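Quick caveat, the model's predicted, so the values are computed rather than measured. Numbers here are sequence positions counted from 1.
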Amino acid sequence: MTSRAETGDDQGDPGLSAIMSERRQLINLGYRLLGSLADAEDVVQETYARWYAMSAGERQTIESPGAWLMTVASRICLNLLGSARVRRETYVGDWIPEPLPDPTEWITGRSGAGGSDPVDRVTLDESVTMAFLVVLDAMTPAERVAFVLHDVFRYPFGEVAEIVGRTPAACRQLASSARRRIRTAQTPAGPSAGQAGIVRQFRTAWQAKDIDALISLLDPDATATADGGGLAVTHLLPIVGGEQIARAYAEIARVAGHRTTFLECTVNGLPGLVAQQDGDIATVFAFEIVDDRIRHIWAVRNPEKLRPWRSS
């Protein structure tokens, strides 16, 4: 898990480099809280704007600039989480967290990933897998903030309480409720190497339009969810059942034809796939694999969520 941010310079007014060194930590926080790298970047920009809106004298009185920045960013995220629920009432289809490429793919450009600025990368661990983020998204804003700050970033409940605006005991209950949600929703997955093999078999069977092979790789109660955001064609309702998913995905492969290439990649730290159409990434697929069967597929087609994957 990610540890708490350390401050750069507690004496006097911190220099630009010391303050900007907190940016990666703030991006990590914002992405986990909002499920969107673009929104996380906006939060960081607003946080820095508030820092530099203060006078130099006011900034000098702040003992821990890093902690101040994290507190402000957390409060901005908490407000955004409340308004996001209202915005999503008009969202077309299902909303899926923004998928992230593997850090090495940001650097090398494999799978069409663009943007090599290291401060824009989110540290990948179990708290940014797609399955984990989907569970976080089902929480109340207060639950999500309390859990992420305490369990992921190791903030004591006293400090969490100041950010959330509740008592430490209430924040402890919020985090406990969030943990129960996660335990209920998630089943321990196998090693990523084994999962990569399952994804590879799925890709092969999918390209071959082999419905029987696809069915054998899918949990009978599997679910496939897609996010086009009204900006890309996709199925609006989740597809439920392994056989139904197999037939639907075989049809997708038939319609896609030779214009589409499926490539293996890392999505939010786990094996996944990208679909390239005429050399441009059109869809990113994340998987939840349990007991060597695919339990859930998340297909992100909304082009606004594929920015980190596209060449700059």
Side-chain angles (χ1 to χ4, degrees), residues 1-7 10 22-37 39-40 42-44 46-47 50-51 61-88 95-98 100 122-189 268-270 288 290 296:
M1 292 289 191
T2 308
S3 60
R4 287 191 55 187
E6 297 295 333
T7 60
D10 290 333
E22 302 290 344
R23 184 168 182 260
R24 179 168 181 169
Q25 184 80 336
L26 296 172
I27 289 285
N28 272 286
L29 172 74
Y31 179 73
R32 285 166 175 79
L33 289 179
L34 302 175
S36 166
L37 185 58
D39 287 347
D42 289 342
V43 166
V44 173
E46 173 62 21
T47 300
R50 294 187 186 186
W51 171 264
T61 65
I62 296 173
E63 266 184 46
S64 174
W68 186 95
L69 292 167
M70 288 286 282
T71 296
V72 171
S74 297
R75 288 173 177 163
I76 295 172
C77 287
L78 183 60
N79 290 335
L80 286 175
L81 284 170
S83 62
R85 292 179 178 270
V86 177
R87 294 198 309 271
R88 288 179 196 170
W95 188 94
I96 297 175
E98 182 179 322
L100 291 179
V122 172
T123 303
L124 296 175
D125 60 21
E126 65 272 24
S127 70
V128 291
T129 65
M130 189 62 72
F132 194 95
L133 290 172
V134 168
V135 177
L136 286 181
D137 195 57
M139 297 178 185
T140 67
E143 274 182 328
R144 188 167 184 169
V145 173
F147 173 79
V148 169
L149 284 175
H150 180 267
D151 284 43
V152 179
F153 288 88
R154 306 305 184 189
Y155 269 61
F157 283 117
E159 294 183 27
V160 175
E162 293 180 7
I163 293 170
V164 178
R166 305 196 185 189
T167 65
C171 290
R172 188 175 288 106
Q173 287 298 318
L174 288 170
S176 177
S177 173
R179 287 187 214 105
R180 285 195 298 271
R181 286 177 181 258
I182 291 170
R183 285 195 298 267
T184 300
Q186 288 191 307
T187 302
N268 287 66
L270 291 175
E288 182 182 31
V290 180
H296 205 117

May I ask you to test the [X]-[Y] pair for a side-chain heavy-atom distance under 4.5 Å?
X	Y	answer
V43	L26	no
R32	N28	yes
V160	P168	no
R181	R144	no
L81	E143	no
L174	F147	no
I76	R50	yes
L78	I163	no

field: Euclidean distance, Y31 OH relative to L133 CG, rounded to 0.5 Å
entry: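 So the gap between those two atoms works out to 4.5 Å.
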- prompt: CG/L100 to CG/N268 distance, rounded to the nearest 0.5 angstrom?
  reply: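 The CG atom of N268 is 5.0 Å from CG of L100, to the nearest 0.5 Å.
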task: Just grab all the salt bridge (charged side-chain N to carboxylate O under 4.0 Å, His left out) pairs involving residues 165-176, residues at least two apart or on different chains.
output: none
message: Please list all pairs meeting salt bridge (charged side-chain N to carboxylate O under 4.0 Å, His left out) that have one or both residues in residues 72-83, counting only residues at least two apart or in different chains.
response: none
- prompt: Taking the six-membered ring for Trp, are W51 and W68 parallel (under 30°), tilted (30 to 60°) or perpendicular (over 60°)?
  reply: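 Answer is perpendicular, since the angle exceeds 60°.
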task: Would you please test T71 and E162 for side chain to side chain contact (heavy atoms under 4.5 Å, CB included) and show each step?
output: CA-CA 9 Å; T71 296; E162 293 180 7; over 6 Å; no
